[in-house]
Amino acid sequence: MREDYSGNGDAWSHFPHSQARSRAYRWGEDGIAGISDNHQRLCFAMAFWNGKDPILKERLFGVTGHQGNHGEDVKEIYYYLDSTPTHSYMKYLYKYPQAEYPYEKLVSENQARNREEPEYELMDTGIFDKDRYWDINIEVRHNQYK
Amino acid sequence: MKSAKNIQDKLFSRGTDAGQAGTQAATPPTSTNSTNSGSNEGPSLSIKIPPRKAPNFPKDKSPSAESKKAPRRSGGTTESTPYETYQQRLLNKLGTKYDGVERFRLEQDEKRERHWKRWGPYLSERQWVSATQPTKMAFDG
């Protein structure tokens, strides 16, 4: 969940994904493969666009605690592939579908399922059929020759 | 909206020559072609990426500065590069106290010689912060 300064304490609905691109964060940060300094004063993250979506892919998308039939869950496909203890090298993989991202379908289908049924994941939407996606490998390393 | 469509076409290779953007061998489609007078779509969106050169590591900041003059060959290396790798130099410098380059970095960070842990990942999937800022933002009533 994101920041909540609602009067009623409904953290899930106060700052939804649809508003995340338009509102300033006050304490915390998101992004894809984000890195920052230890005080999170300067943050770097990746953003992508497949040319089909109405919004950029700037943050991972998921269903909230209210929407998910098993609670909140990120509905994306990504992997942390490698890292060192000092984070001098890190590798991250994000699989970005080329077709339009099914934001509404993921929410509505998960809301329709009850808790006994399995979750409706991104793979179930068929968006990765025929392998029409990009493998975005993000590698970060420290400059040790400073 | 037509210009946005043009940009989309150029970026996603729906045109015939837009697919060559970014390759090293092909010349950029229209940007350098001064005789192309038929196109009125504006500057080309292709990027000319120069061929990758060998990395140019500075040699004067290595842990063992004396090794830069005559590159030593530790047993097993057959490369003919003009410089030793960081790992090799560290191995030469520490000798029996060598525990791995990452262990060396961790010790450097603990001794505050170099702040390796200053930069790193943060949990960016979903904003995992405390949901409420308790006393500052809560509204009464």
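Residue numbers start from 1 in every chain, and the chains themselves are labelled A, B, ... in the order their sequence lines are given, proteins ahead of strands. In this text, all values refer to a predicted model and were calculated from it rather than measured experimentally.
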Contact origin within A:Ala33 toward chain B - heavy atom pairs under 4.5 Å = backbone

Atom CG in A:Asn38, atom CZ in B:Arg118: separation rounded to 0.5 Å?
-> 6.0 Å

Here the gap from A:Gln40 atom CD to B:Tyr122 atom OH, rounded to the nearest 0.5 Å, amounts to 6.0 Å

A:Arg23 atom CZ, over 12 foreign heavy atoms within 6.0 Å |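 Counting neighbours around CZ of A:Arg23, more than 12 heavy atoms of other residues, nucleotides or ligands fall under 6.0 Å, so yes.
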
Contact summary for B:Glu102 and A:His87, nearest pair of heavy atoms =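 What the structure gives for the nearest pair is OE2-N, 4.5 Å.
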
Take B:Trp116 and A:His142 through the ring-ring contact (aromatic ring centres under 6.0 Å, His included) test and state the conclusion after the steps.
-> CA-CA 8 Å; B:Trp116 288 102; A:His142 285 175; 5.6 Å; yes

If you check every heavy atom in residues 88-125 of chain A against those of chain B, which residues fall under 4.5 Å?
->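 Only A:Ser88, A:Met90 of residues 88-125 of chain A have a heavy atom under 4.5 Å from chain B.
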
Linking I/L/V/M/F/W/Y whenever any side-chain heavy atoms sit under 4.5 Å apart, do B:Leu106 and A:Val140 land together?
-> no

Heavy-atom pairs under 4.5 Å with chain B are the metric here; pick the option from A:Ser36, A:Gly34, A:Gly31 that has the most.
-> A:Ser36

